[in-house]
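What follows is a set of notes on a single structure, which appears directly below.
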There are 2 protein chains.
Amino acid sequence: MEIEKSHLEKVLERIKPHIHRTPVLSSTLINEMLETNIWFKCENFQKMGAFKMRGATNAILNLPEEKKLKGVVTHSSGNFAQALSLAAKSLNVPAYIVMPDSAPEVKKAAVRTYEGKITECPSTLKDREETAYKIQEETGATFVHPSNDLDVILGQGTAAMELLQDYPDLDFIICPVGGGGLIAGTALAVKFFGNKCKCIGGEPIEVNDAWRSLKSGKIETNESANTIADGLKTQLGDQNFPIILENVEEIIRVSEEEIRAALRLIWERMKIIVEPSSAVALAAVIKEKDRFKNKNIGIIISGGNVDLNRLPF
Amino acid sequence: MEIEKSHLEKVLERIKPHIHRTPVLSSTLINEMLETNIWFKCENFQKMGAFKMRGATNAILNLPEEKKLKGVVTHSSGNFAQALSLAAKSLNVPAYIVMPDSAPEVKKAAVRTYEGKITECPSTLKDREETAYKIQEETGATFVHPSNDLDVILGQGTAAMELLQDYPDLDFIICPVGGGGLIAGTALAVKFFGNKCKCIGGEPIEVNDAWRSLKSGKIETNESANTIADGLKTQLGDQNFPIILENVEEIIRVSEEEIRAALRLIWERMKIIVEPSSAVALAAVIKEKDRFKNKNIGIIISGGNVDLNRLPF
């Protein structure tokens with residue numbers, strides 16, 4: 001399917017009643033420090049605390065009625081598990097969540113709060129996929145991938161779309177790169193609604209699979225996952241990679257130290273709670289300060305779900 | 001001086017170009033949990049991170065020009081030191097800040113960032129007052145008390161005034177009680193701009209001097225200061241106490257455990273960084289949940305300056 005501007009417009013129209021139009025914040029101090037103008041799109045204030053609510057809601061709303069009745073299934077131990085559970089709950093649809101038995105209790109509890117039905121399995125990808133498949137067979141539920149699904153990608157793109165509605169003259173929109181759903185959606189929004197705007201990704205050096213994928217032209221994987229940006233450990237997929245390859249200007253890689261410093265700056269100066277993954281985009285701007293001088297920059301703050309008992313400060 | 005509605009209106013008009021009109025947030029989850037409607041006035045997003053910027057700005061703007069040239073002086077180791085420094089800097093006025101030599105380096109550094117001129121002295125109130133008096137003698141600077149000064153009180157009241165402009169039908173506005181500047185200003189705003197609205201204070205049981213003062217009809221002091229709400233250890237003064245006595249409906253006292261739980265709720269669910277003192281107002285609502293059921297409540301989030309290396313989680 002050739003994706004068009006009208007697709008994104010329809011998606012935003014469809015999910016609008018079910019999501020928050022999140023606020024856009026700026027910080028005089030950060031702008032002065034970097035001699036630039038940054039607008040932060042605060043998806044940490046989104047329902048369930050992350051942009052993933054957008055994609056999950058769109059994926060469910062786009063199902064035919066008879067499929068809605070049978071529910072949705074995904075495998076995730078992170079924000080998408082919560083997003084799909086809450087979106088499903090709000091739309092009266094059953095949600096089946098496959099989680100590794102090693103997932104922290106706090107994450108399982110969050111899914112249960114939103115009435116997601118958890119099935120535990122060993123933590124290998126093979127086990128998770130097989131378990132999800134078995135649930136599809138048994139229940140007739142539709143599988144929704146956390147990032148490699150076009151409805152999810154278009155849903156995630158609505159955050160950048162809203163940001164460009166508010167600030168049409170941004171030079172750049174920068175977002176973190178994990179499984180590729182957010183950056184693919186953001187790149188499409190930038191393409192259709194930007195005015196000379198470019199989409200840039202921020203990625204931890206420790207899990208720079210997307211940066212390497214753009215270089216090699218094929219989907220690369222990570223051998224380690226040693227980053228505090230725990231939402232960014234996953235790899236790209238066949239649905240989002242072609243979109244990223246075509247529409248993302250560049251990926252800027254940042255060190256753990258740079259992510260930590262940007263995270264602290266956001267917490268201390270903006271007084272908002274954001275996930276380490278969200279700080280990767282600001283870290284990219286700080287790293288290449290000269291290049292972004294006097295530019296108008298949008299940053300997608302991806303989410304704010306952190307475990308207060310395990311803060312990196 | 002009899003304080004009138006027009007005084008507060010003039011104050012807001014005067015300080016408006018120099019402060020942020022802070023956003024008002026609400027949380028579906030907290031509202032559902034408490035079966036109520038709470039509107040949080042987010043002074044943690046105010047310049048320098050606290051409502052004190054309002055009072056400090058008003059106190060300086062209200063000085064005659066020849067006094068502005070000579071500067072302002074205060075003694076404070078907390079937010080007011082930063083607020084007076086930043087307000088003075090923005091208005092090209094010298095600011096002299098008396099701080100106890102035992103004050104944490106991080107607080108001194110914050111004052112220096114805003115170009116406040118620090119004089120250190122021993123930490124007793126007598127030493128601080130004497131040092132401030134000496135600076136007044138030497139420089140001709142005007143002393144501005146952090147909470148017991150009518151210009152400061154009126155400045156602090158503008159937060160509640162803005163909140164009532166946005167939400168005129170609040171049943172209650174609740175704020176923390178420390179030195180009394182915020183609650184006195186808030187009570188005046190409620191009196192002049194509320195529509196059947198009442199002003200309530202939240203205070204830690206550990207430093208319940210204001211609660212006792214309302215009982216006894218005279219200013220009481222604290223014997224200990226064992227609270228995480230470190231902005232609330234100070235006592236009322238002769239300028240703000242009569243206003244509080246006349247216009248505050250009640251003070252609700254909360255335990256350290258209740259403050260900590262409310263603080264965590266705000267951080268985890270609202271994704272904003274607030275000081276422990278700010279959580280005292282929400283803790284009061286949670287404590288008397290039945291009474292506040294189905295009411296429209298405004299809460300003044302007093303500030304967001306916390307030391308990330310010393311979090312109470």
Side-chain angles (χ1 to χ4, degrees), chain A residues 18-33 40 42-51 53 79 82 86 89-90 106-107 109-110 113-114 260-261 263-276 278-279 301-313, chain B residues 18-33 40 42-51 53 79 82 86 89-90 106 109-110 113-114 260-276 278-279 301-313:
Chain A
H18 307 283
I19 59 159
H20 292 315
R21 184 171 181 119
T22 51
V24 177
L25 299 181
S26 65
S27 160
T28 311
L29 185 131
I30 293 175
N31 285 343
E32 284 175 1
M33 194 180 113
F40 295 88
C42 289
E43 290 294 301
N44 55 328
F45 296 149
Q46 188 52 267
K47 289 187 183 178
M48 58 62 58
F51 73 90
M53 188 65 187
N79 280 328
Q82 294 181 47
L86 177 57
K89 183 186 173 209
S90 311
V106 59
K107 299 208 170 186
T113 306
Y114 299 134
R260 215 181 300 268
L263 185 68
R264 193 166 183 126
L265 191 64
I266 296 173
W267 281 50
E268 284 190 339
R269 295 304 177 163
M270 297 185 65
K271 314 294 182 193
I272 58 174
I273 293 178
V274 306
E275 299 168 352
S278 295
I301 293 288
S302 50
N305 291 333
V306 294
D307 182 348
L308 293 180
N309 294 326
R310 293 163 165 231
L311 294 179
F313 302 116
Chain B
H18 307 282
I19 59 159
H20 292 316
R21 184 172 182 117
T22 50
V24 178
L25 299 182
S26 65
S27 161
T28 312
L29 186 132
I30 293 175
N31 285 344
E32 283 175 2
M33 194 180 114
F40 294 88
C42 289
E43 290 295 302
N44 55 327
F45 295 149
Q46 187 52 266
K47 288 186 184 181
M48 58 59 61
F51 73 90
M53 187 65 189
N79 281 328
Q82 294 180 48
L86 178 58
K89 183 187 173 208
S90 311
V106 60
T113 306
Y114 299 134
R260 216 181 299 268
L263 185 68
R264 192 164 184 129
L265 192 62
I266 296 173
W267 282 51
E268 283 190 338
R269 296 304 178 164
M270 298 185 66
K271 314 293 180 193
I272 59 174
I273 292 178
V274 306
E275 297 169 354
S278 296
I301 292 287
S302 50
N305 291 334
V306 294
D307 183 347
L308 293 180
N309 295 326
R310 294 166 165 229
L311 295 177
F313 300 116

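In what follows, chains are A, B, ... by sequence order, proteins preceding strands, each numbered from 1.
Under the salt bridge (Lys or Arg N to Asp or Glu O under 4.0 Å) criterion, the residue pairs touching residues 20-30 of chain A are A:Arg21-A:Asp166, with sequence neighbours excluded.
When the side chain to side chain donor-acceptor pair (under 3.5 Å) test is applied to B:Thr22, the partners found at least two apart in sequence or on another chain are B:Lys41, B:Glu43. For B:Gln82, the side chain to side chain donor-acceptor pair (under 3.5 Å) test picks out no residue, with sequence neighbours left out.
With A:Lys271 contributing its side chain and B:Gly304 its backbone, the two residues share a donor-acceptor pair below 3.5 Å.
For a heavy-atom cut-off of 4.5 Å, chain A lies close to B:Arg264, B:Trp267, B:Glu268, B:Arg269, B:Met270 in residues 262-270 of chain B.
Heavy atoms closer than 4.5 Å to chain A are found in the side chain of B:Leu311, but not in its backbone.
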| task | Go through A:Ile273 and B:Ile273 one step at a time and tell me if the side chain to side chain contact (heavy atoms under 4.5 Å, CB included) criterion holds. | result | CA-CA 6 Å; A:Ile273 293 178; B:Ile273 292 178; 3.4 Å; yes
